[in-house]
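Only a predicted model underlies this, so the values are computations on that prediction, with no experimental measurement involved. In what follows, chains are A, B, ... by sequence order, proteins preceding strands, each numbered from 1.
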Protein chains: 2
Amino acid sequence: MRISKPHDERRNEILDAAEMLFTMKGYSKTTVNAILKEVGIAKGTFYHYFQSKEEVMDAVVQRFIDSGVNMAKSIAAKPDLKAPEKLFQILMAQRTDSARKEGMIEELHEANNAEMHQKSLVETIQQLTPILTKVIEQGIAEGCFSTPYPKETIEILLVSSQFLFDEGIFGWQSDELLQKVVAFVYIVETTLGAEKGSFNYLLEMMMPLNMTEDGEDENHSL
Amino acid sequence: MRISKPHDERRNEILDAAEMLFTMKGYSKTTVNAILKEVGIAKGTFYHYFQSKEEVMDAVVQRFIDSGVNMAKSIAAKPDLKAPEKLFQILMAQRTDSARKEGMIEELHEANNAEMHQKSLVETIQQLTPILTKVIEQGIAEGCFSTPYPKETIEILLVSSQFLFDEGIFGWQSDELLQKVVAFVYIVETTLGAEKGSFNYLLEMMMPLNMTEDGEDENHSL
DNA sequence: TTCATTAGACCGACCGTCGGTCTAATGAAA
DNA sequence: TTTCATTAGACCGACGGTCGGTCTAATGAA
């Protein structure tokens, strides 16, 4: 049976299916045929919209990141917000994205999303760095931050957080992870020259996300 | 014509060829057949030594990292060396490895070594972190370093340097790169709580590697 | 109102390539 | 001579991607 749809709707259907499958099974283990089956279209249709499987990944990553970047931009543009508050809101806005793919990941210990992960990281760095740099510079002007290299500091912090806190790449134990988060907050404060404790909100922000799936300590009631 | 060789010799031939091809064309774009042709063996021989293409990558990465790790271990074990000097020597020892693959990379802007790059990074972190952590702790005891989180700091520094300074992932301009290296040194000093300028040797160490291919400023004479 | 023309969404058989398997041949060691 | 680790390459199924063509709805001249 033949079903015709507006261009953008079809395109988004493909992107939705691809994003789900990429996230659940990894990019390389997701076949084009699996995407076709999920959407309910034929090969030709797929290649009518995209030139290659990889182009779909690019589009998925792009769409995935755009929303967070747009929010970041609008937050950074607010004129009467202090720099630390902007930073907080921007980081929170990013989290909603990664929260979407929370609980997915079928093939558990799989670290085979390397390709997509790297693309996502690179894109995040390149889009978010200029925005956050401006925020840090504002913070320096306001006197609450202090570093001669705001841009490079942000880059390093983004790279490390995205990599070290990604489940599936390293298989950290939850107590290790706790230690890492605490240390990361300390390093953020140190490198940005902020007051000790001023980034404590990061603790509450990062903790519930990564610490819940423990496997131990279940059955508190009873 | 049939050529029989000792097990390890054959195995290393395969690893040599694979390493070269992976480095030149990227993992995914290197076919098993290309490796066979390079070594001059048949499919059966290849799969007699390795269970899969991916297993070869693991072995290549492992071998690649082992030499650096062993050197690091022996340097770290020297009893009458100060911590900063150990750090210096260990980092220098790592550099010889990456220098090997310098000048290779055929398909230039290719960032498609994501899988191998990630595996190499993870392995580096996991093997080098405990060694370097001990060195930092020694430095803290000696009074020249100061941080409550030596292990996590080292991890962050390793991740960032490996990622941000990898050619082919980001396409930094050489003036950007210079700025990044300077900033990185500053951040190393800051996060390790070392004296300003004490890591200046890193500048000379990282610079000639990445800065030589400029294209500008040629012809100083005349 | 009619209907030939056109644009482009859609289809699925088909292709070349790839990683990986299988069985037979070989030859050094016992 | 027997053994068996090693080598060989024909073969396989799955994959990403191509291609010739169909179907539908909008267009616009007669």
*Asks:* Which atom pairs, one a donor and one an acceptor, fall under 3.5 Å between side chains of residues 31-47 of chain A and the rest of the protein, sequence neighbours left out?
*Replies:*
residue : atom : partner : partner atom : Å
A:T31   : OG1  : A:A34   : N            : 3.0

*Asks:* Going 5' to 3' along nucleotides 18-23 of chain C, which nucleotides have protein heavy atoms under 4.0 Å from the base (write B), which only from the sugar-phosphate (write S), and which from neither (write -)?
*Replies:* SBBB--
*Asks:* Please report, rounded to the nearest Å, how far the P atom of D:dA14 is from the CG atom of A:L36.
*Replies:* 16 Å
*Asks:* Using Watson-Crick and G-U wobble pairs with both distances under 3.5 Å, what is the 5'-to-3' dot-bracket string of DNA chain D, with [ ] for crossing pairs and | for pairs outside the strand?
*Replies:* ||||||||||||||||||||||||||||||
*Asks:* Holding to salt bridge (charged side-chain N to carboxylate O under 4.0 Å, His left out), I want the full list of residues that pass it with A:E54, two or more places apart in sequence or in another chain.
*Replies:* A:K119
*Asks:* By ring pair (Phe, Tyr, Trp, His ring centres under 6.0 Å), which residues pair with B:F50, not counting sequence neighbours?
*Replies:*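 Result, ring pair (Phe, Tyr, Trp, His ring centres under 6.0 Å) vs B:F50: none returned.
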*Asks:* Output the rounded distance in Å from CD1 (A:I14) to P (C:dC11).
*Replies:*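 One finds 10 Å between P of C:dC11 and CD1 of A:I14, rounded.
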*Asks:* Among all residues two or more places apart in sequence or in another chain, which pass the ring pair (Phe, Tyr, Trp, His ring centres under 6.0 Å) test with B:Y27?
*Replies:*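 Once residues adjacent in sequence are excluded, the partners of B:Y27 under the ring pair (Phe, Tyr, Trp, His ring centres under 6.0 Å) criterion are B:F22.
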*Asks:* Just how far, in rounded Å, is P of C:dA9 from CD of A:E13?
*Replies:*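 Rounding to the nearest Å, CD of A:E13 and P of C:dA9 are 14 Å apart.
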*Asks:* For B:T45 and D:dA8, is the shortest distance between a side-chain N/O and OP1 or OP2 below 4.0 Å?
*Replies:*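 Yes.
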*Asks:* Kindly write out the residues that satisfy side chain to side chain donor-acceptor pair (under 3.5 Å) with B:E152, not counting sequence neighbours, or none if the list is empty.
*Replies:*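 Scan of B:E152 (side chain to side chain donor-acceptor pair (under 3.5 Å), adjacent residues dropped) gives none.
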*Asks:* Does B:H48 put a side-chain nitrogen or oxygen below 4.0 Å from OP1 or OP2 of D:dT7?
*Replies:*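 False: B:H48 side-chain N/O out of range (4.0 Å or more) of D:dT7 OP1/OP2.
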*Asks:* What integer distance in Å separates A:I41:CD1 from C:dG8:P?
*Replies:* 19 Å
*Asks:* Pair up each side-chain donor or acceptor in residues 122-138 of chain B with any protein partner under 3.5 Å, not counting sequence neighbours, and list the distances.
*Replies:*
residue : atom : partner : partner atom : Å
B:E123  : OE2  : B:Q127  : NE2          : 3.4
B:T124  : OG1  : B:S120  : O            : 2.7
B:T129  : OG1  : B:I125  : O            : 2.5
B:T133  : OG1  : B:T129  : O            : 2.6
B:Q138  : OE1  : B:K86   : NZ           : 2.8
B:Q138  : NE2  : B:L81   : O            : 2.9
B:Q138  : NE2  : B:E142  : OE2          : 2.7

*Asks:* Output the rounded distance in Å from NZ (B:K29) to C1' (C:dT17).
*Replies:*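 From B:K29 NZ to C:dT17 C1': 14 Å.
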*Asks:* Where is the tightest heavy-atom contact between A:V159 and B:S160, given as atom of each residue plus distance?
*Replies:*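 Here A:V159 and B:S160 meet closest at CG1-CA, 4.2 Å.
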*Asks:* Once side chain to side chain contact (heavy atoms under 4.5 Å, CB included) is applied, do any residues pair with A:Q51, and if so which ones, sequence neighbours excluded?
*Replies:*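 Once residues adjacent in sequence are excluded, the partners of A:Q51 under the side chain to side chain contact (heavy atoms under 4.5 Å, CB included) criterion are A:E55.
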*Asks:* Whole-Å distance between C:dA9 C1' and A:F50 CZ?
*Replies:* 14 Å
*Asks:* According to a strict under-4.0 Å criterion, is A:R10 in side-chain N/O contact with OP1 or OP2 of C:dG8?
*Replies:*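 So the side-chain polar atoms of A:R10 never come under 4.0 Å of the phosphate oxygens OP1 or OP2 of C:dG8.
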*Asks:* Between A:D16 and A:R63, is the closest basic N to carboxylate O distance under 4.0 Å?
*Replies:* yes
